[in-house]
Amino acid sequence: MAASPSSAASRRFSRLIGLSVVGAVLTTVLAGCSVEDAFYFGWPRTQPSPQSEQMFDMWIYSAIAALAVGVFVWGLIFWCVIRYRKKGEELPPQTRYNLPMELLFTVTPFIIIAVLFYYTAIIQSNVTKVDENPDQTIQVTAFKWNWQFQYPATGTDPNAKDAEDVTTTGDSDIIPILVVPTGQNIRFLEDSADVIHSFWVPDLLFKRDVIPGVTNQFQVTINIPGAYVGRCAELCGTYHSMMNFEVRAVPLDDYNAYIQHRVDGMTTQDALSAIGQEPYAVTTKPFDTDRQAEQG
C-alpha cells in the first residue's frame with residue numbers, strides 16, 4: 001500500500017530537521033568548540049563585575065530569544081516548502097487579507113522590540129551610572145601607543161595632602177599594570193594626549209573612547225581578584241594593536257599597601273612583588289619594535 005502524500009511529506013520534514021541538527025553539531029565540533037563554548041558565543045565565561053553580569057545575561061537571553069524566533073521561522077519556511085510544493089500546473093488557492101495573521105506579524109515584532117528596548121535601557125542606565133562619591137578615582141591617560149595610570153596619593157592617608165600622586169606609565173619594554181581594589185566603586189577619568197583611543201577590558205564587557213580635549217568617565221566594581229587584559233579598541237596608528245595594558249584586581253588591603261609602597265618610592269614592579277603579586281603582566285607581553293630583528 002502506497003504511503004499517503006501527507007506521511008511522505010512528514011518524513012521529508014523530519015529528515016530536514018535531522019539534517020539541520022546534524023549540521024549545527026558538526027559546525028560546533030569542526031570549529032573546535034565544546035557545547036559550553038558554543039553557548040557562550042565567544043563571550044568570557046567569568047564576569048568579574050555586576051555591570052558585566054547584567055550585560056552578559058542580556059546577551060544570552062537575547063540570543064536565546066533570537067534563536068527561538070529563528071527556529072520558528074525556519075520551521076514555517078520548511079513546512080511551506082514541503083506542504084505547498086508544486087504538484088502540477090494548477091495554480092494553488094490564493095488567499096489575501098488574512099487579518100489574524102497580519103495582526104500576528106505586526107504585534108509580535110513590536111512586543112519583541114519593546115521588551116528588548118526596555119531591558120536595554122535599564123541595563124545601559126545601570127552600566128553607565130556614576131556615583132557622586134566613588135570609593136576610588138583613577139586617572140587614565142592614553143597616548144601613542146601606551147597608557148598612563150595616576151592614583152591620588154591621599155588614597156591611603158586623607159591627611160597626606162602634600163604627597164605627590166602615584167603614576168604608572170607604560171613603555172615599549174614594560175606593559176603598564178593598572179592595580180584596582182576589589183569590591184570598591186572605581187571611577188575612571190579618561191584623557192588622551194594625542195588622538196582618539198579606546199579603553200577596553202574585554203572581561204568587563206565594556207569600553208569607552210578616550211578623546212583628546214574631552215574627559216570621559218565611567219565606573220565599575222570588580223568583585224573577582226585576578227589579572228584582566230586591557231586593549232585599545234580604536235584604530236590610533238601604527239602600533240595600535242600592541243597598545244595593551246593589564247588590570248590587576250587585588251583585595252582592598254593589598255591595594256592600600258601597594259599605593260603606600262608607591263608613595264614611599266617603590267616602582268610598580270617592586271610594589272607588586274611586595275604585596276605578593278606577579279611584578280609583570282601575565283595576560284599580554286610587549287611588542288618587539290625592532291624591525292631588523294624580525295628580518296633576521
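The nearest pair of heavy atoms linking V210 to A142 is CG1-CB, 4.0 Å. Across all non-hydrogen atoms, the minimal contact from R187 to N133 is NH2-N, 4.4 Å. Nearest heavy-atom pair across R208 and T128 is NH2-CG2, 3.9 Å. Closest non-hydrogen pair, Y228 versus I222, comes out as CE1-CG2, 4.2 Å. In terms of heavy atoms, E246 sits closest to V282 at OE1-N, 2.8 Å. The heavy-atom pair separating L204 from M55 by the smallest distance is O-CE, 3.6 Å.
Judged by distance alone, the side chains of Q136 and N185 never bring a donor and an acceptor atom under 3.5 Å apart. If you check the side chains of Q148 and T169, you find a donor sitting under 3.5 Å from an acceptor. For the 3.5 Å distance criterion, the side chains of D191 and T215 qualify, holding a donor opposite an acceptor. Side-chain atoms of N126 and Q51 include no donor-acceptor pair closer than 3.5 Å. A donor-acceptor contact closer than 3.5 angstrom links the side chains of T267 and D270. In this model, a donor atom of one side chain and an acceptor atom of the other lie less than 3.5 Å apart for R248 and Q277. Under 3.5 Å, the side chains of S198 and D209 contain a donor-acceptor pair of N or O atoms. Judged purely by distance below 3.5 Å, without hydrogens or angles, the side chains of T221 and S49 never pair a donor atom with an acceptor atom.
Taken to the nearest 0.5 Å, the CD1 atom of I122 stands 9.5 Å off from the CD atom of Q54. Between Y280 atom OH and S273 atom OG the span is 8.0 Å, to the nearest 0.5 Å. From Y255, atom OH reaches atom CD1 of I275 across 10.5 Å, with rounding to the nearest 0.5 Å. A distance of 13.0 Å separates OH in Y258 from CD in Q260, rounded to the nearest 0.5 Å. Between the OG1 atom in T168 and the CD1 atom in I138 there is a gap of 10.0 Å [rounded to 0.5 Å]. A distance of 12.5 Å separates CG in N146 from CE in M242, rounded to the nearest 0.5 Å.
Remark: E278 CD is loosely packed, at most 12 non-hydrogen atoms of other residues, nucleotides or ligands lying under 6.0 Å away.
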Exercise. Between Y61 and D57, does a side chain to side chain contact (heavy atoms under 4.5 Å, CB included) hold up when you go through it step by step?
Worked result: CA-CA 6 Å; Y61 288 121; D57 290 343; 4.2 Å; yes

Exercise. Going through the distances and angles, do E102 and N98 end up as a side-chain hydrogen bond (donor to acceptor under 3.5 Å, both in side chains)?
Worked result: CA-CA 6 Å; E102 291 184 4; N98 189 314; over 6 Å; no

Exercise. Step by step, would you call I77 with W79 a side chain to side chain contact (heavy atoms under 4.5 Å, CB included)?
Worked result: CA-CA 5 Å; I77 291 174; W79 180 76; over 6 Å; no

For this session: Assess whether side chain to side chain contact (heavy atoms under 4.5 Å, CB included) is satisfied between F287 and M243, documenting all intermediate values.
Result: CA-CA 9 Å; F287 175 62; M243 188 173 165; over 6 Å; no

For this session: Given side chain to side chain contact (heavy atoms under 4.5 Å, CB included), test L116 with S62 step by step and report yes or no.
Result: CA-CA 8 Å; L116 290 175; S62 297; 3.6 Å; yes

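Side-chain N or O atoms of S125 include none that pairs as donor or acceptor with a backbone N or O of A121 at under 3.5 Å. Between the side chain of H197 and the backbone N or O of A233 there is no donor-acceptor pair closer than 3.5 Å. In terms of modelled atom types and a separation under 3.5 Å, the side chain of D131 and the main chain of P134 share no donor-acceptor contact. One N or O on the side chain of D194 and one on the backbone of K144 form a donor-acceptor pair closer than 3.5 Å.
Residues I60 and V127 share a single hydrophobic cluster, defined by chaining ILVMFWY side chains whose heavy atoms lie under 4.5 Å apart. When hydrophobic clusters are built by joining Ile, Leu, Val, Met, Phe, Trp and Tyr residues whose side-chain heavy atoms come closer than 4.5 Å, directly or via intermediates, V166 is grouped together with L252. I112 and W74 are not part of a single hydrophobic cluster, where members link through side-chain heavy atoms under 4.5 Å apart. Hydrophobic clustering, with ILVMFWY side chains joined whenever heavy atoms are under 4.5 angstrom apart, keeps L235 apart from F143. V229 and Y239 fall into different hydrophobic clusters, where Ile, Leu, Val, Met, Phe, Trp and Tyr residues are linked whenever their side-chain heavy atoms come under 4.5 Å apart, directly or through other members.
A 4.5 Å side-chain heavy-atom check between V250 and V179 finds at least one atom pair inside the cut-off. Side-chain contact between N223 and P48 is absent, with no heavy-atom pair separated by less than 4.5 Å. For the pair L76 and F72, the minimum side-chain heavy-atom distance is below 4.5 Å. Counting heavy atoms from C-beta on, the side chains of V140 and L189 never come closer than 4.5 Å. Between V247 and V180 the shortest side-chain heavy-atom distance falls below 4.5 Å. By the 4.5 Å heavy-atom criterion applied to side chains, Y151 and L178 are counted as neighbours. By the 4.5 Å heavy-atom criterion applied to side chains, L205 and F56 are counted as neighbours. F110 is not listed as a side-chain neighbour of V107, based on a closest heavy-atom distance of 4.5 Å or more.
Relative orientation of the F199 and F149 rings is perpendicular, given thresholds of 30° and 60° on the angle between their planes.
When each of R262, Q150, Q139 is tested with D165 by the rule side-chain contact (heavy atoms from CB on, under 4.5 Å), just one qualifies, namely Q150. Looking at W147, W200, W145 one by one, the single match for ring pair (Phe, Tyr, Trp, His ring centres under 6.0 Å) with F245 turns out to be W147.
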